[in-house]
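Note: hydrogens, waters and symmetry copies are ignored here, and every other heavy atom, side chains too, is used.
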2 protein chains.
Amino acid sequence: MLNQPSPLDLTFQALADPTRRALVERLVRGPASVSELAQPLKMSLPAVMQHLAVLESSGLVRSEKVGRVRTCRIDAAQLSLAEQWINQRRMEWAGRLDRLGRYLETLKDEDGEES
Amino acid sequence: MLNQPSPLDLTFQALADPTRRALVERLVRGPASVSELAQPLKMSLPAVMQHLAVLESSGLVRSEKVGRVRTCRIDAAQLSLAEQWINQRRMEWAGRLDRLGRYLETLKDEDGEES
DNA sequence: TGGTTGGTTAAGCATATACTTTAGTATCGT
DNA sequence: ACGATACTAAAGTATATGCTTAACCAACCA
């Protein structure tokens with residue numbers, strides 16, 4: 001993976017970590033400062049900052065610093081992107097099963113009409 | 001991450017790699033053998049097998065070997081799991097924005113009624 | 001029976017991830 | 001001005017990831 005990762009790579013990668021999902025779960029309930037986000041987590045502040053950096057580089061989270069406090073908020077557009085990718089695959093798969101089922105049905109019907 | 005990863009960890013981690021997403025994209029169009037899956041990819045067979053192992057340990061893909069050929073198929077349930085997690089967060093966020101908007105609206109109304 | 005096909009195992013290697021501790025640098029309150 | 005607060009930067013470390021190549025095994029097929 002020496003070529004630069006796509007937005008989808010970054011988004012799924014960001015969501016693959018339980019700490020980062022916890023951060024997202026917190027942020028959907030409203031914006032929060034870095035130390036506010038770090039408080040319930042049992043790891044160092046720099047560790048939390050690194051997780052936030054991952055979330056931010058994926059586009060899932062944006063943040064702005066005013067004075068000495070950085071306020072983070074989630075960006076739902078990126079969540080949608082990931083959701084859409086999964087949904088499209090699931091739909092494709094469901095559609096296939098549906099067509100397959102219908103096809104097997106026609107086979108049974110033809111069988112019934114036989115002889 | 002020395003404690004064992006959750007199903008959600010494994011699923012998002014599996015989807016974070018473009019090669020593995022390509023495998024999923026192929027498999028939603030129907031089951032395939034290992035070498036069939038490897039053929040369009042420009043990497044060694046063992047590399048593809050390792051990606052398949054990741055997909056399988058996440059539950060996104062199941063496979064069975066008959067004779068000397070292993071046939072892989074996707075398991076949509078695991079796709080749903082990931083999709084649901086995202087969807088719930090997105091809903092939560094949307095709901096919050098909605099409530100916030102309504103609240104601001106009431107403030108404006110009260111403001112209008114003032115003095 | 002012996003070669004080809006389809007898959008598997010093992011080992012090795014470069015880079016990436018998830019932390020840590022230590023040492024900062026700007027605010028902000030008094 | 002001075003200390004506390006909120007964050008940041010840098011470096012180090014252990015483990016994980018994404019490959020590779022070189023064997024190897026177990027059908028199948030002539």
Derivation of the salt bridge (Lys or Arg N to Asp or Glu O under 4.0 Å) call for E83(A) and R90(B): CA-CA 9 Å; E83(A) 193 181 0; R90(B) 229 171 32 75; 2.4 Å; yes
From CA spacing to verdict: side chain to side chain contact (heavy atoms under 4.5 Å, CB included), V54(A), L60(A): CA-CA 9 Å; V54(A) 171; L60(A) 281 167; over 6 Å; no
Step-by-step salt bridge (Lys or Arg N to Asp or Glu O under 4.0 Å) determination, E105(B) to R102(B): CA-CA 5 Å; E105(B) 204 57 34; R102(B) 235 192 294 280; over 6 Å; no
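As a whole-Å value, the separation of M49(A) CE from dT21(C) C1' is 15 Å. One atom, CG of L45(B), and another, P of dT5(C), lie 13 Å apart when rounded to the nearest Å. Between the CZ atom of R21(B) and the P atom of dG18(D) there is a distance of 12 Å, rounded to whole Å. Taking atom CZ of R20(A) as the reference point, atom P of dC19(C) lies 8 Å away to the nearest angstrom. Taking atom CG of L52(B) as the reference point, atom C1' of dG18(D) lies 14 Å away to the nearest angstrom. As rounded to whole Å, 13 Å separates atom C1' of dG6(C) from atom CG of L37(B). Summarising the geometry, the separation between CZ on R70(A) and C1' on dA26(C) is reported as 13 Å, rounded to the nearest angstrom. One interatomic measurement links the two molecules: CG of L10(B) to P of dA16(D), which rounds to 13 Å at whole-angstrom precision.
Taking CD from Q78(A) and CD1 from I86(B), the interatomic distance works out to 10.5 Å, rounded to the nearest 0.5 Å.
Between the side chain of R68(B) and the base of dA27(D) there is at least one donor-acceptor pair of N/O atoms closer than 3.5 Å.
Listed candidates were dC7(D), dT20(C), dT8(C). Nearest to the side chain of K65(B) is dT8(C). For D17(A), the side-chain atoms get nearest to dA18(C) when compared with the rest of dT20(C), dG6(C), dA18(C). Among the nucleotides dT20(D), dG18(D), dA10(D), the one closest to any side-chain atom of P46(A) is dA10(D).
The phosphate of dT20(D) (OP1 or OP2) has a side-chain N or O of S44(B) nearer than 4.0 angstrom. For dT17(D), neither phosphate oxygen OP1 nor OP2 lies less than 4.0 angstrom from any side-chain nitrogen or oxygen of H51(B).
Comparing Q13(B) and Q50(B), the nucleotide of DNA chain C nearest to each residue sits closer to the 5' end for Q50(B).
Contact annotation: the side chain of L15(B) approaches that of W85(A) to within less than 4.5 Å [non-hydrogen atoms, C-beta and beyond].
Backbone-only engagement by S35(B) is indicated by non-hydrogen atom pairs under 4.0 Å involving sugar-phosphate atoms exclusively.
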